[in-house]
Structure formats: C-alpha cells, structure tokens
Amino acid sequence: MNVEARLAEVKGRIGAAEKASGRSAGDANLVAVSKTYGEDMIWPAIAAGQRLFGENRVQEAMGKWPALRDRLEHDSIELHLIGPLQSNKVKEAVATFDVIESVDREKIASALAAEMKKQGRALPCYIQVNTGDEPQKAGISVEQCLEFVMRCRNVHGLTVVGLMCIPPFDDDPKPHFEVLKSLAHEAGVPNISMGMSGDFEVAIAVGATHVRVGSAIFGARTPA
Ligand SMILES: *Cc1c(COP(=O)(O)O)cnc(C)c1O
C-alpha cells in the first residue's frame, strides 16, 4: 500500500472509532506524524488533502517544511511540534511551527512567550503531561499540571488550548488517556492530543480531539 491508501485507511478507522463512541464525524483530528520522512513521502499525503502534520525535531522540520509549504498555492499547512523543545531551539521552533504541543516546563514556557512576542506569532500551545511519571520522559507531572496551565496563561501569557501525553510504551494506554481527559476538563482546555498508530482508536473512545499517527500512514521508521 502507498501513503495515499494508508492515509485513507487510517481516516476510515478514525471515522469508525468516532461513530462507535457516539462522537460526531471529524471530532478527532488526524495529526500525520511525518518525522524521518522526506518530501517524496509527505507530498502524497498533502496531495490527498492532509493539512495537519506533526514533527518531533525542530532542525528536521526547518529543513523540509518551508519547501513543502511553498509547493501549495496558499500555505494551509498546520505544523505541530510534538517533540521535546530545548531553549536554544525556541527561536527556530516559533518560526517553523504553527502549534507547540510539548510545553512542559517553566523555562520553556517563558522562552516561548518572549520569542512569540518578538516574532509577533502567538502560537497555540499544549501542555505535555508525563502521565506515567517516567523519569526519562518529557512532560509536567499530573500533580503539577493544573498549576502549570495557570502559570502558562497568567504569568507567561501563552494561549494554552490543550494537553498532550505519550503513555509508557508497555502500559495499557487507556488509564493514561483517562487521566489526560479529566485534567483537560479541570484545566478548561478544549483539545486533548493522545493516541498513536497502535492505540488511536482507544484514545478516540476516551475523548481525544487530536490523534498523532505516523507509522500507520508512512510505514515503519528505520531506527535512528
Ligand atoms: C513518533 C510520534 C508519534 C507517532 O508514532 P507512531 O507510532 O508512528 O504513530 C506520535 N507522537 C509523538 C510525540 C511521536 O514522537
């Protein structure tokens, strides 16, 4: 199967999952995760109508997305940063992406706010939550999440529109999705970014508004 066929299949599965959980068609947005893939693989997805994409590395996205955007008559791409952000990449991140899904600490929130002001780009942000309390994983803890959302809004002036999580690889993802959903409700943010190739249907059943799907569309990635 090619990218176009796999994209259509994933969209079909999203539609079925929405229906099965009594949600309206289009409730769950597909963020096509194109990391590691080049223009030859990404363009067919754009040609098939996909406009929402996710990348996890600032450097890589800077290298390939300007040319892809240029191929469209009007830049209608919405590019989400879904990977960890370092302070020294904030400037490039604000210039390259349209939405930042991985805000997870004070220092980054403050640097992002300053850079957005400088560039005149008020990008919508998600707070990444480390629902599995994994020491090696990015994300604010569940306990600190609500306070951090408030601080991002009130102290830094960021536009916080959602929460994002990546459950531990070996865990049942559902309890993690449920935690994220309830936190989003408490925080009063509309968007919930959760679910990947292996579990996006579960995430949609729990209430994901955005699923981040890579390999089911583009194929297995070769390990870095
Ligand atoms: C790579 C990645 C995805 C997509 O993973 P697949 O299993 O290929 O669908 C989703 N979210 C994040 C944060 C990622 O880094």
Side-chain angles (χ1 to χ4, degrees), residues 6-35 42 45-46 48-57 61 65 76-85 93 96-104 112 122-132 137-140 145 149 152 158-167 173-218:
R6 284 192 300 251
L7 177 64
E9 195 201 310
V10 166
K11 283 160 84 171
R13 285 169 60 190
I14 289 172
E18 287 168 336
K19 201 167 177 187
S21 49
R23 302 181 59 187
S24 315
D27 254 17
N29 296 278
L30 171 62
V31 180
V33 177
S34 49
K35 65 188 185 196
I42 300 172
I46 296 174
Q50 181 67 24
R51 291 293 181 271
L52 186 49
F53 289 88
E55 290 278 349
N56 70 333
R57 287 167 185 268
W65 278 96
S76 48
I77 297 294
E78 184 178 306
L79 190 61
H80 289 210
L81 175 62
I82 59 171
L85 182 54
T96 305
F97 290 90
D98 304 296
V99 173
I100 310 289
E101 288 202 23
S102 48
V103 181
D104 68 342
L112 275 170
L123 308 186
C125 294
Y126 291 57
I127 306 304
Q128 184 175 348
V129 186
N130 188 357
T131 57
K137 197 168 269 174
I140 194 93
C145 175
V149 170
C152 283
L158 292 176
T159 307
V160 182
V161 299
L163 302 182
M164 180 270 244
C165 78
I166 310 167
K174 197 165 176 224
H176 296 274
F177 295 157
E178 283 164 345
V179 165
L180 197 71
K181 189 201 168 152
S182 99
L183 281 174
H185 182 77
E186 286 179 69
V189 296
N191 296 348
I192 309 173
S193 173
M194 57 190 190
M196 320 202 312
S197 290
D199 54 20
F200 67 85
E201 283 137 323
V202 178
I204 290 169
V206 175
T209 64
H210 293 71
V211 292
R212 308 178 309 269
V213 180
S215 47
I217 298 168
F218 296 106

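Predicted, not measured: the structure shown is a model, and the values here were computed from it.
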Checklist entry - How long is the span from the CD1 atom in Ile140 to the OG1 atom in Thr131, to the nearest 0.5 Å? => result 13.5 Å
Next on the checklist: Please tell me whether Glu18 and Ser24 have a donor and an acceptor in their side chains that are separated by less than 3.5 angstrom.
Outcome noted: no
Checklist entry - Between Val160 and Tyr126, is any pair of side-chain heavy atoms under 4.5 Å apart? => result no
Checklist entry - Going from CZ on Phe218 to CZ on Arg6, what distance comes out if it is rounded to the nearest 0.5 angstrom? => result 9.0 Å
Checklist outcome for this item: In terms of heavy-atom contacts, Ile77 and Asp98 come closest through O-OD2, 3.4 Å
Checklist entry - With distance as the sole test, does Lys137 use its side chain to make a donor-acceptor pair with the main-chain N or O of Pro167 at under 3.5 Å? => result yes
Checklist entry - Rounded to the nearest 0.5 Å, what separation is found between the CG atom of Asp104 and the CD atom of Gln128? => result 6.0 Å
Next on the checklist: Whether the side chain of Ser102 engages the backbone of Gly83 through a donor-acceptor N/O pair (distance < 3.5 Å, no angle test) should be reported.
Outcome noted: yes
Checklist entry - Side chains of Val103 and Met164: does their closest heavy-atom pair fall under 4.5 Å? => result no
Checklist entry - Can you tell me how far the CD atom of Glu78 sits from the CZ atom of Arg51, to the nearest 0.5 Å? => result 12.0 Å
Next on the checklist: Are Leu85 and Leu112 packed together at the side-chain level, in the sense that at least one heavy-atom pair is separated by less than 4.5 angstrom?
Outcome noted: yes
Checklist entry - Would you call Glu55 and Thr96 a side-chain contact if the rule is heavy atoms closer than 4.5 Å? => result no
Checklist entry - Does the side chain to side chain contact (heavy atoms under 4.5 Å, CB included) test come out yes or no for Met194 and Val206, once each step is laid out? => result CA-CA 10 Å; Met194 57 190 190; Val206 175; 3.9 Å; yes
Checklist entry - Where is the tightest heavy-atom contact between Val211 and Ala203, given as atom of each residue plus distance? => result CG1-CB, 4.4 Å
Checklist entry - For Gln50 and Leu30, which heavy atoms make the closest approach, and how far apart are they? => result NE2-O, 2.9 Å
Next on the checklist: Set out, in order, the CA-CA distance, both residues' side-chain angles and the distance that settles side chain to side chain contact (heavy atoms under 4.5 Å, CB included) for Ile166 and Met196, then state yes or no.
Outcome noted: CA-CA 9 Å; Ile166 310 167; Met196 320 202 312; 4.3 Å; yes
Checklist entry - Closest heavy-atom contact between Ser197 and Gly214? => result OG-N, 3.6 Å
Checklist entry - Taking the six-membered ring for Trp, are Trp65 and Phe53 parallel (under 30°), tilted (30 to 60°) or perpendicular (over 60°)? => result tilted
Checklist entry - If every non-hydrogen atom of Thr209 is compared with every non-hydrogen atom of Asn191, which pair is closest and at what distance? => result OG1-CA, 3.3 Å
Checklist outcome for this item: CG (Leu123) and CG (Leu79) are apart, to the nearest 0.5 Å, by 10.5 Å
Checklist entry - Can you name the one residue among Leu163, Ile192, Val189 that meets side-chain contact (heavy atoms from CB on, under 4.5 Å) with Leu183? => result Leu163
Checklist outcome for this item: Only residue of His80, Arg212, His210 satisfying side-chain hydrogen bond (donor to acceptor under 3.5 Å, both in side chains) with Ser193 is Arg212
Next on the checklist: Contact between Arg13 and Glu9 at the side-chain level, heavy atoms closer than 4.5 Å - yes or no?
Outcome noted: yes
Item to check | Where Glu201 and Ala17 come nearest, the two heavy atoms and their spacing | outcome: CG-CB, 3.9 Å
